[in-house]
Amino acid sequence: MPIEFSCSQCGKRLRVGDDAAGKQAKCPSCGAVQPVPVADRAPEAAQPARDNSQRLSPGDNVSQFPSGNVPRSLEPSDNPYAAPAESGMPLGGFGEPSGPRHGPAWERNGASIGSFLATVKEFYLAPLQFFLQMRREGGLGAPLSFAAAGSMIGFSATVIYALLIQAITGQNEAFREIPAGGPERVGFMIGAVIGSCCCPAVIGPLIALVCILLSAAVFHLTLTAFGSANFSYETTARVVAYVVGSTMLMPLLPLCGFYLSPVAQAIYCAIGLAHAQECSGGAAAAAVLLPAMLCGAAGLTLLFAVVFMIGA
């Protein structure tokens with residue numbers, strides 16, 4: 001009979017064949033390697049004989065077979081390294097089983113600096129598990145507030161780095177008017193940084209929230225066209241919100257963070273949609289990249305039209 005036990009790292013319910021007792025098994029969810037517990041086995045004489053002569057036909061299910069006579073094809077895999085086939089549980093994106101969704105720390109523990117940092121850690125260290133645990137419903141308030149917090153930090157970091165570069169290189173006329181090395185210059189720079197951060201801290205998150213809702217609508221519409229939107233628009237918007245809130249922290253990396261952020265957003269959106277909407281990775285990637293490609297093609301067409309009109 002199969003042996004069931006919980007992963008010691010992530011708590012996921014695993015199921016293996018009885019011949020795997022005492023062997024090392026790898027959790028398909030978190031990758032932790034652990035020994036398979038030895039289960040108490042009933043005497044062989046007390047076990048009903050297995051009838052392997054039965055074969056599945058359309059409409060068959062486990063409940064219609066007598067105890068002990070379930071066809072081999074319906075039983076769990078005896079391979080301890082295979083993902084457990086949980087009865088009645090739909091498969092998630094990339095073939096992962098969809099289990100209970102408890103949500104990230106931002107939703108479990110409430111909005112705080114600690115839960116924000118914990119959510120970012122969950123997102124970057126285990127993105128697949130993050131989207132497998134993300135709630136599909138529950139309102140957009142929590143994910144949008146997380147995105148607003150991340151966007152506020154990202155926009156502020158971008159402005160601060162830009163001001164520092166302008167101050168060092170002297171590209172800004174206002175900086176050149178202040179005496180070099182004087183206390184006035186230091187005070188001016190501090191005031192410029194504080195004043196410049198106030199605008200991104202308010203306007204930046206608002207722009208990000210509008211872009212999240214519009215992008216999610218486009219992605220969901222594309223998934224619907226592909227027949228891969230298995231859940232509501234709210235699920236898609238939640239994915240985009242958590243992706244934007246986490247990747248908007250990349251501008252904290254000097255020089256390259258600002259340019260890496262949009263690339264990371266596209267990659268993580270595709271991963272998140274595949275797991276949250278339980279669709280194929282190809283459909284999720286197409287839903288993210290196809291609108292961008294169409295917008296790029298439209299922009300190039302408009303540019304060529306303008307150049308042609310000017311040349312004519």
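What you see is a predicted model, and the numbers here were worked out from it, not measured in a lab.
For residues 202-231, no pair satisfies ring pair (Phe, Tyr, Trp, His ring centres under 6.0 Å), with sequence neighbours left out.
Side-chain heavy atoms closer than 4.5 Å link hydrophobic residues (I, L, V, M, F, W, Y) into clusters, and following such links, possibly through other members, connects Leu128 to Met134. Cluster annotation: Leu213 and Val218 are assigned to distinct hydrophobic clusters (Ile/Leu/Val/Met/Phe/Trp/Tyr, side-chain heavy-atom contacts under 4.5 Å, transitive). Following chains of ILVMFWY side-chain contacts shorter than 4.5 Å, one cannot reach Leu214 starting from Phe155, and the two form parts of different hydrophobic clusters. Taken together through direct or relayed side-chain contacts under 4.5 Å among Ile, Leu, Val, Met, Phe, Trp and Tyr, Ile267 and Leu273 form part of one hydrophobic cluster. In this structure, Ile153 is not a member of the same hydrophobic cluster as Leu253, with clusters built from ILVMFWY side-chain heavy atoms closer than 4.5 Å.
Under the salt bridge (charged side-chain N to carboxylate O under 4.0 Å, His left out) criterion, Glu137 pairs with no residue, sequence neighbours left out. Residues satisfying the side chain to side chain contact (heavy atoms under 4.5 Å, CB included) test with Ser232, not counting sequence neighbours, are Glu234, Thr235. Annotation: side chain to side chain contact (heavy atoms under 4.5 Å, CB included) contacts of Leu117 (sequence neighbours excluded): Ile113.
Taking each heavy atom of Ala237 and Ile212 in turn, the nearest pair found is O-CG2, 4.2 Å. Residues Glu122 and Ala105 share a closest heavy-atom pair of OE1-N, 3.5 Å. For the pair Ala274 and Gly281, the tightest heavy-atom approach, listed with the atom from each and the gap, is CB-CA, 4.2 Å. Taking both residues in full, the closest heavy atoms of Ala270 and Val288 are given as N-CG2, 3.9 Å, listed atom of the first, atom of the second, then distance. Nearest heavy-atom pair, Val239 versus Ala276, reported as atom, atom and distance to 0.1 Å: CG2-CB, 3.5 Å. Phe146 and Ala241 make their closest contact through CD2-O, 4.4 Å (heavy atoms, listed as atom of the first residue, atom of the second, distance).
By the 30° and 60° cut-offs, the orientation of the rings of Phe116 relative to Trp106 is perpendicular.
Panel note: side chain Arg15, backbone Phe5; no donor-acceptor pair is recorded below 3.5 Å. A donor-acceptor distance shorter than 3.5 angstrom exists from the side chain of Ser145 to the backbone of Ala142, with no hydrogens or angles considered. Using modelled atom types, one side-chain atom of Arg238 and one backbone atom of Gly139 make a donor-acceptor pair closer than 3.5 Å. Distance alone, capped at 3.5 Å, places no donor-acceptor pair between the Arg136 side chain and the Gln277 backbone. Between the side chain of Asn109 and the backbone N or O of Ser115, no donor-acceptor pair lies under 3.5 Å. The main-chain N or O of Leu132 is found under 3.5 Å from a side-chain atom of Arg101 such that the two form a donor-acceptor pair.
Membership of an apolar cluster is not assigned to Leu221, as no side-chain contact below 4.5 Å to another ILVMFWY residue is traced.
The distance from the CZ atom of Arg108 to the CZ atom of Arg135 is 8.5 Å, given to the nearest 0.5 Å. Of the inter-residue distances, the one linking Ile207 atom CD1 with Ser151 atom OG reads 10.0 Å to the nearest 0.5 angstrom. How far CG of Asn230 is from OG1 of Thr224: 9.5 Å, rounded to the nearest 0.5 Å.
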message: Under the criterion side-chain contact (heavy atoms from CB on, under 4.5 Å), I'd like the reasoning laid out for Leu125 against Phe130: C-alpha separation, chi angles, the key distance, then a yes or no.
response: CA-CA 9 Å; Leu125 295 184; Phe130 180 91; over 6 Å; no
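Residue-environment remark: OH (Tyr259) stays at or below the threshold of 12 foreign heavy atoms within 6.0 Å.
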Show me, pair by pair, the donor-acceptor contacts under 3.5 angstrom made by side chains of residues 244-252, not counting sequence neighbours?
residue, atom, partner, partner atom, Å
Ser246, OG, Tyr242, O, 3.0
Thr247, OG1, Val243, O, 2.7
Thr247, OG1, Gln265, NE2, 3.4

